[in-house]
Amino acid sequence: MKPRVRFAPSPTGYLHIGGARTALFNWLYARHTGGTFILRIEDTDAARNSQEAVDVILNGLRWLGLDWDEGPLTGDATGAGKGNCGPYFQSQRKENYQRRVEALLSRGLAYEHEGAVKFKMQREPITIHDLVVGDVVRKLTDREEADPDFVILRSDGQPVFHLVNVIDDLEMDVTHVIRGEDHLSNTAKHIALFQAFGVKPPHYAHIPLILNGDGTKMSKRDTGASLTAYTEGGFLPEAVVNYLCLLGWSPKDNREKMSRDEVVERFDLPQILRHNARFDYEKLLWLQGEYARELGDDRFYELAVHAFAKAGVNTNAFPLPYVKAALDTCKGKFKLFSELPAYAGFYFTDKIEYDVEAAKKDFVPENKPRLEKLRDAFAAAPAFNAGALEIALKETAKALGVKAGVLVHPCRLAVTGKTSGPSLYHLLEVLGKEKVMQRIEKALAGFGG
RNA sequence: GACCCUAUGGUCUAGCGGUUAGGACACCACCCUUUCACGGUGGGAGCCCGGGUUCGAUUCCCGGUAGGGUCGCCA
């Protein structure tokens, strides 16, 4: 039988980066083995459920490219789903839980207590055969020693996580439970429940947790804990996916940058590490740069235009060839799309604000005649393109007896307001003679010397 | 408090009874260069501690320490 795995998030309004990785590992295992990836929404806590919260999860998985073979089609709990084991929202599966609880009750494996129903948990240690961690003998804690039984049905009739999780895995024929290590201790309860239902528990694979960069545990409030920090932060999904693959899993051959297909081919449970990993933002950023540099033109333009729009800059107000030419000078020079508006905003506005420190350094009296000479050389250039402008600048520098940089810096500052950016000659060409002249003139007027 | 998991440079990791302990990110220096980025070259930096086992432990065992997790009518 082909493996059937599932990602079973609770709709809390956000998708934790660790949850995203759990989903990814499940997806990878399913794709690697030709198995089935199921998405199940564990919305038993009616108080904090909403379609919006479910959509956050669905959209997050879609952004990452983790398509599910079975599961909801939309965030509507009562809506349609795909697969033969639905519904895939626990809120729609109440009868199953009720029926199972009654079966347990009738067989004396559970009992009523203060209006709730408690499961009769065994007192002997339970051995968990974990595919990642190995055999784990889970003994009772002192609290459990006092009362090993646990509630499976609340006094208000609502089933509890341990119960529904097991019943659904059982009824959905889940063969491998790949989840965070925070569930390892709970697994004893789950195994006991499976046994009470008379079936063999699935295989378990508990994956280590993701910690903050400083080694502390990652909680909801930590920056970077939510997937939206990356979706909204200008990251590429392929970079995030690649990075997540490397956190807690290793191809064992020093490969770092790998395509999704490559990982699918090589991913397997035994190579999952047993220890927690710290989230290394810098390394993610490196991968982001790698993927950003090799983006295809169409996708690059689309993402770039979107990034500008988000920053309030409507690039559509400019001629398409101009926008494309402008963006071409930026490709491979920045990593995060969220950086782009600041990096190349000068193409789309005439209000140039000079970097204060740089202005103090470059807009000094002795540079005024130099910049004037450069302006004249540009004006006299045979053509206003990168090649001709470079020659004009270098010859001017030579005539003035200074290095090219002496002219380059004030010129860049005058035209873009910044000290770094795209290739100067190319950005001048894209901007065009008129704008360049205007900006140099304006800068000259502000020298005040 | 009890129970469980874990421990290789700053970070992610490879390795493993005998290695000059390998790679990547980050960092430093230099080169390239109109800036930034890219690319090149070189460099600093590591087996948590203590006991065993062994001719020999980073590697196996035990203990400690540290970090993480679990003990809910949360999921």
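Taking atom C1' on both B:rU58 and B:rA21, the two are 8 Å apart, rounded to the nearest angstrom. Using atom C1' as the reference point in both B:rC28 and B:rG18, the two lie 34 Å apart (nearest Å). Nucleotides B:rC47 and B:rA7 place their P atoms 16 Å apart, quoted to the nearest Å. Taking atom P on both B:rA57 and B:rC38, the two are 45 Å apart, rounded to the nearest angstrom. The same atom, C1', is picked in B:rU13 and in B:rC73; the two are 43 Å apart, to the nearest Å. For B:rG9 and B:rC5, the P atoms lie 22 Å apart once the distance is rounded to whole Å. Of the C1' atoms belonging to B:rU70 and B:rA37, the separation is 47 Å, rounded to the nearest Å. Distance check on atom P: B:rA24 versus B:rG43 gives 13 Å, rounded to whole Å.
Residues from residues 86-104 of chain A that place a heavy atom under 4.0 Å from any atom of RNA chain B: there are none. Heavy-atom distances under 4.0 Å link RNA chain B to A:K394 of residues 372-407 of chain A, given in residue order.
Between A:K217 and A:L140, the residue whose closest nucleotide on RNA chain B is further toward the 5' end is A:L140. Map A:G213 and A:H183 each onto its nearest nucleotide of RNA chain B; the residue landing nearer the 5' end is A:G213.
Put simply, the residue from A:F161, A:F197, A:Y204 that forms a ring pair (Phe, Tyr, Trp, His ring centres under 6.0 Å) with A:H190 is A:F161.
As the counterpart of B:rC60, B:rG52 is assigned, both hydrogen-bonding distances of the Watson-Crick or G-U wobble pattern falling under 3.5 Å. Using N1 to N3 plus N6-O4 or O6-N4 for Watson-Crick, or N1-O2 and O6-N3 for G-U wobble, each under 3.5 Å, B:rA24 pairs with B:rU11. B:rC71 is paired with B:rG1 under the Watson-Crick or G-U wobble criterion, all donor-acceptor distances under 3.5 Å. Nucleotide B:rG46: unpaired (no Watson-Crick or G-U wobble partner with both distances less than 3.5 Å). If you check B:rC30 for Watson-Crick or wobble pairing at under 3.5 angstrom, you find it paired to B:rG40.
In this structure, the nucleotide among B:rG68, B:rC73, B:rC3 sitting nearest to the side chain of A:E181 is B:rG68. Between B:rC71, B:rU13, B:rA75, one nucleotide has an atom nearer to the side chain of A:T141 than all others, and that is B:rC71. For A:N254, counting side-chain heavy atoms from C-beta on, the closest listed nucleotide (B:rC5, B:rG23, B:rU35) is B:rG23. Checking B:rC71, B:rC25, B:rG69 against every side-chain atom of A:R143, the shortest atom distance belongs to B:rC71. Checked against B:rC71, B:rC25, B:rC4, the side chain of A:D280 finds its nearest nucleotide in B:rC25. Looking at the side chain of A:R138, the nearest of the listed nucleotides B:rG68, B:rA75, B:rC4 is B:rC4. Out of B:rG23, B:rC71, B:rU13, the shortest distance to the side chain of A:K283 is found at B:rG23. Considering only side-chain atoms of A:R274, the nucleotide from B:rC71, B:rU13, B:rU6 that sits closest is B:rU6.
More than 12 heavy-atom neighbours from other residues, nucleotides or ligands sit within 6.0 angstrom of CD on A:E171. Within 6.0 Å of CZ on A:R154 lie more than 12 heavy atoms contributed by other residues, nucleotides or ligands.
Every pair passing salt bridge (Lys or Arg N to Asp or Glu O under 4.0 Å) that includes a residue from residues 249-260 of chain A is listed here, sequence neighbours excluded: A:D253-A:R266, A:R255-A:E262, A:E256-A:K283, A:K257-A:E294.
A close approach under 4.0 Å does occur between a side-chain nitrogen or oxygen of A:R154 and OP1 or OP2 of B:rA75. In this structure, A:T44 reaches the B:rA75 phosphate: one of its side-chain N or O atoms is under 4.0 Å from OP1 or OP2.
Using modelled atom types and a 3.5 Å distance limit, the side chains of A:N96 and A:R99 yield no donor-acceptor pair. A donor and an acceptor atom, one from each side chain of A:Y301 and A:D328, are located under 3.5 Å apart.
Residue-level contact check: A:V137 touches the backbone only, with heavy atoms under 4.0 Å from sugar-phosphate atoms and none from bases. Residue-level contact check: A:G248 touches the backbone only, with heavy atoms under 4.0 Å from sugar-phosphate atoms and none from bases. Counting any heavy atom pair closer than 4.0 Å across all strands shown, A:S155 reaches a base atom. Heavy atoms of A:D182 sit under 4.0 angstrom from primed sugar atoms or phosphate atoms, though from no base atom. Within 4.0 Å (heavy atoms only), A:E145 reaches no atom of the nucleic acid at all. Among the heavy atoms of the strands lying under 4.0 Å from A:E144 are primed sugar atoms or P, OP1, OP2 only; no base atom is included. At a threshold of 4.0 angstrom between heavy atoms, the contacts of A:Y425 include nucleobase atoms, whether or not backbone atoms are also involved. No contact: A:H206 has no heavy atom under 4.0 Å from any strand. Using a 4.0 Å heavy-atom cutoff across all strands shown, A:L273 reaches sugar-phosphate atoms only and no base atom. A:R412 comes within contact range of at least one nucleobase, with a heavy-atom separation under 4.0 Å. Among the protein residues, A:L424 comes within range of the nucleic acid bases, having at least one heavy atom under 4.0 Å from a base atom.
Side chain A:S185 to base B:rC3: no donor-acceptor pair is found below 3.5 Å. For B:rA14, its base never sits under 3.5 Å from the side chain of A:K252 at any donor and acceptor pair. Checked by distance alone, A:N276 brings no side-chain donor or acceptor within 3.5 Å of a matching partner on the base of B:rG67. Side-chain atoms of A:S423 and base atoms of B:rU34 include a donor and an acceptor less than 3.5 Å apart.
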Indicate every side-chain donor-acceptor pair of residues 379-387 of chain A with a distance under 3.5 Å to a residue at least two apart or in another chain.
unit_1 : atom_1 : unit_2 : atom_2 : d
A:N385 : OD1    : A:G387 : N      : 3.2
A:N385 : OD1    : A:A388 : N      : 2.8

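In terms of the side chain to side chain contact (heavy atoms under 4.5 Å, CB included) criterion, residue partners of A:E282 (sequence neighbours excluded) are, by chain and number, A:D280, A:L285.
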Requested in this report: Starting at the 5' end of nucleotides 36-43 of chain B, put B wherever the base has a protein heavy atom under 4.0 Å, S where only the sugar-phosphate does, and a dash everywhere else.
Outcome: BSS-----
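Under the 3.5 Å distance criterion, the side-chain polar atoms of A:R93 are matched with a main-chain donor or acceptor of A:P87. Side-chain atoms of A:D43 come within 3.5 Å of backbone atoms of A:S91 as a donor-acceptor pair (strictly under, hydrogens ignored).
The side-chain tip of A:K418 does not point at the ring of A:F346 from less than 6.0 angstrom away and within 45° of straight on. Under the 6.0 Å distance and 45° angle rule, A:K189 counts as a cation-pi partner of A:F150.
With a 4.5 Å cut-off on side-chain heavy atoms, A:V117 and A:Y111 do not count as touching.
In this structure, A:H162 atom NE2 and B:rA75 atom P are separated by 9 Å, rounded to whole Å. In this structure, A:L209 atom CG and B:rG68 atom C1' are separated by 7 Å, rounded to whole Å.
Between A:D362 and A:R412 there is no salt bridge, since no side-chain nitrogen of the basic residue lies less than 4.0 Å from a carboxylate oxygen of the acidic one. Between A:E42 and A:R179, no side-chain nitrogen of the basic residue sits less than 4.0 Å from a carboxylate oxygen of the acidic one, so the salt-bridge criterion is not met. By the 4.0 Å N-to-carboxylate-O rule, A:D147 lies close enough to A:K118 to be salt-bridged with it.
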